[in-house]
Amino acid sequence: MSTTARAAALELFEHHRGTLERAVQAISERGYWSPFPESLKQYPEEAVKGAQAAFEALLGQHFALAGPQAVGRAGAERSPYGFDLNVSYDQYDADQLLSHMQAALPAWRDAGPQARVGACLEILQRLNALSPTLAHAVMHTSGQAYMMAFQAGGPHAQDRGLEVLAYAWRAMAEVPEAARWTKPQGKQDPLVLDKRWHIVPRGLSLVIACSTFPTWNTYPGLFASLATGNPVLVKAHPGAILPVAMSVKVAQEVLAELGFDPALVSLVVDTPQAPVSQQLALDPRVKLVDFTGSNAFGNWLEDNARQAQVFTEKAGINSVIIDSVRDIKAVARNLACSLSLYSGQMCTTTQAIYVPRGGIRNGDERLSFDEVAQTLAGAIKSFLADNERACAVIGAIQSEATAERIQACRELGEVLLDSEAREHPQFPGARIHTPLLLKVDAADRAAYSEERFGPIAFVIATDDTEHSLRLAGEVIAEKGALTLGVYSTDDAVLDRAEQLSQEVAVALSINFDGGVFVNQSAAFSDFHASGGNPAANASITDGAFVARRFVTVQSRRHGAA
């Protein structure tokens, strides 16, 4: 390890120390805090105005990154807004890449926690400066509308990266570098040992990125592993490579400037026809795997990548239970936004809405089941009535398979609100569809108890609220969920909901009828997933998410009395 590289990284640690210390404070207090502005007005005007041109300059080009000798090129991304990106990326021989990264590990390990965290803090700061341009890459791979792509793909993703750095730093700082152990022996001389402790990384880390949130879901695993000493392979989704490549490039630039091997963070690209995730996940040199995506592959990783610590976020049946409300119109407006946001392509979006078939209390009046269902359908229709506004909220459907799923799901229940194809005012070829809302009975469990990814939701008629609670609990226990929303004016119902959320380990949101939505998750405050039900085996972020990425190795020797 170069002493110059370590010294330079330690300078960065001191430079960013204030931000790190504030982040450590934030994860303890769990209140609102973010160092990364979520308003474009707070970024340099030239960066915002030049963002689109900077993005367009990347199109039709080869995206060069550091790594071993390339053996091929890949890249066939197509924007959900209707055009090809035509960007190519290097592919490497897997064994050669892993061997190269394995050789780079000792220097990164020996740099120590402060140097590694200092480098990571600088990477995040530079990513934040890149946010306006990065947003275009997120938009045109994920299908998110630009403002959401900017916030979720930029500052909110960076918040999550900084959050894991805070946890990683706190976990590593709890281990002292050295201590003298002195045990009295009565009249005999005491026993004296000098002890040292070393933070030792697990090995190579594989982060398998997803297509819908290519940065937000990637940064936690990336920074948690890198800070704790593990080189990171980021395997991009074939449909959303560019924002991941841009992120890797920033990391490589910082590492190279400091004097470390830039390939400590490397990009892996594949194609749907020749995937490489399984091969990499089973390599004995890979000791950590982070994955966001389908149940099928997430379960396969958990079952088969036995040599690695595996962290998964998969699919679930996010649910809302409506028992009674003060203002059904406010509730319906809130749910309309939740169901519409990014066309239901968020892992936290509600799919199952349980309502007693006998109706609910709305303030001083009684509403029938059908009145509740129609109010919700009407709120969605009204919310999306203005097409330009609608397109700014729902964005585009990332995958053609999701668009096809909307059509297939129409047969699963009575259509309360049909999904409509919309034309984007700027991108005529965009793949845009409004939400599909279906009415089903609780007995139609096969319809609503499987994840229907996309803008698809069910209003489910139950016997009563107790039935709703019991049924939602059974489905979540079996299939998992990241979010549960409950609406009730009855404290006893809310107490039961609080118990249920603990029984099935799902985050609970109560009576949301204003400007906060059940599918939102705030860094430094909200734990994203609990790791306690089938939807995820880990939480972003808690101590366990980082602590399993390193081990503590000690040495002992006799010391002078």
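As a basis for the values below, the full set of heavy atoms in this structure was taken, side chains included, without hydrogen atoms, waters or symmetry mates.
- What you find for G358 and R366 is that their closest heavy atoms are O-NH2, 3.6 Å.
- A side-chain contact (heavy atoms from CB on, under 4.5 Å) with L124 is found for one member of L162, V250, T19 and no other, namely L162.
- Formation of a donor-acceptor pair under 3.5 Å by the Q351 side chain with backbone atoms of I317 is not found in this model.
- Under the side-chain hydrogen bond (donor to acceptor under 3.5 Å, both in side chains) criterion, E498 pairs with no residue at all, not counting sequence neighbours.
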| query | Yes or no on ring pair (Phe, Tyr, Trp, His ring centres under 6.0 Å) for H156 and F36, after CA distance, side-chain angles and deciding distance? | reply | CA-CA 8 Å; H156 293 175; F36 302 121; over 10 Å; no
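- In this structure, L121 and L165 have side chains that are in contact, with non-hydrogen atoms separated by less than 4.5 Å.
- In this structure the side chain of H136 never reaches within 4.5 angstrom of the side chain of F150, judged on heavy atoms.
- The main-chain N or O of F453 is never found under 3.5 Å from a side-chain atom of Q345 such that the two would form a donor-acceptor pair.
- Shown here is K381, whose NZ atom has no more than 12 heavy atoms of other residues, nucleotides or ligands within 6.0 Å.
- To the nearest 0.5 Å, the span separating CG on L59 from NE2 on H140 amounts to 8.5 Å.
- Cation-pi contact between R549 and F311: present, with separation from the ring centre below 6.0 Å and deviation from the ring axis of at most 45°.
- Both tests hold for R30 against F527: distance to the six-membered ring centre under 6.0 Å, angle to the ring axis within 45°.
- One distance of note links CG of L222 with CG of N217; it measures 12.5 Å at 0.5 Å rounding.
- Atoms CD1 and CG, from I460 and D444 in turn, are 9.5 Å apart once rounded to the nearest 0.5 Å.
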| message | Test side chain to side chain contact (heavy atoms under 4.5 Å, CB included) on V518 and T350; report intermediate values, then the result. | response | CA-CA 8 Å; V518 67; T350 297; 3.6 Å; yes
| said: What verdict does the side chain to side chain contact (heavy atoms under 4.5 Å, CB included) test give for D323 and Y487, after you've listed the backbone C-alpha separation in whole Å, the side-chain angles of each residue and the deciding distance to 0.1 Å? | reply: CA-CA 6 Å; D323 166 70; Y487 292 90; over 6 Å; no
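- Although no hydrogens or angles enter the test, the distance criterion places a donor-acceptor pair under 3.5 Å between the side chain of R361 and the main chain of D364.
- Under the rule for a side-chain contact (heavy atoms from CB on, under 4.5 Å), the partners of A137 that lie at least two apart in sequence or sit in another chain are F55, L242, P243, M246.
- Taking the ring centroids of F297 and F291, they lie under the 6.0 Å cut-off.
- Side-chain contact between L484 and V320: absent, with no pair of heavy atoms (C-beta onward) separated by less than 4.5 Å.
- In this structure T348 satisfies the side-chain contact (heavy atoms from CB on, under 4.5 Å) test together with M346, L482, T483, N519, H528, sequence neighbours excluded.
- Formation of a donor-acceptor pair under 3.5 Å by the S343 side chain with backbone atoms of I394 is found in this model.
- Here the side chains of S247 and L127 are in contact, with some heavy-atom distance below 4.5 Å.
- Within the 4.5 Å cutoff, the side chain of S131 has heavy atoms near those of the Y43 side chain.
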| query | Yes or no on salt bridge (Lys or Arg N to Asp or Glu O under 4.0 Å) for R357 and D441, after CA distance, side-chain angles and deciding distance? | reply | CA-CA 9 Å; R357 62 172 55 88; D441 190 81; 2.4 Å; yes
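- Taking a 6.0 Å sphere around CZ of R326, one finds it holds 12 or fewer heavy atoms contributed by other residues, nucleotides or ligands.
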| request: List the steps, then state whether side-chain hydrogen bond (donor to acceptor under 3.5 Å, both in side chains) holds for T489 with S324. | output: CA-CA 6 Å; T489 58; S324 53; 3.0 Å; yes
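- Crowding of E365 atom CD: a count of heavy atoms from other residues, nucleotides or ligands under 6.0 Å exceeding 12.
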| Check against salt bridge (Lys or Arg N to Asp or Glu O under 4.0 Å), E451 and R405 | CA-CA 11 Å; E451 191 203 24; R405 187 176 301 112; over 6 Å; no
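- Here the side chain of N334 pairs a donor or acceptor atom with the backbone of V516 at under 3.5 angstrom.
- The shortest side-chain heavy-atom distance between P455 and S340 does not fall under the 4.5 Å cut-off.
- E388 has no carboxylate O lying under 4.0 Å from a charged side-chain N of R422, or vice versa, which leaves the two without a salt bridge.
- For the atom pair OG (S419) and CG (L438), the distance works out to 10.0 Å, reported to the nearest 0.5 Å.
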| message | Could you go through R496 and E503, starting from their C-alpha distance and side-chain angles, then the distance that decides it, and tell me whether this counts as salt bridge (Lys or Arg N to Asp or Glu O under 4.0 Å)? | response | CA-CA 10 Å; R496 176 68 189 97; E503 291 166 3; 3.6 Å; yes
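- Residue Y342 forms a ring pair (Phe, Tyr, Trp, His ring centres under 6.0 Å) with just one option from W216, F213, F517, and that option is F213.
- Taking the six-membered ring for Trp and thresholds of 30 and 60 degrees, F223 and Y219 have ring planes more than 60 degrees apart, a perpendicular arrangement.
- The backbone N or O of Q398 sits nowhere less than 3.5 Å from a side-chain atom of T402 that would complete a donor-acceptor pair.
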| request: Please lay out, stage by stage, how K439 and D370 fare under the test salt bridge (Lys or Arg N to Asp or Glu O under 4.0 Å). | output: CA-CA 9 Å; K439 171 184 173 181; D370 286 336; 2.9 Å; yes
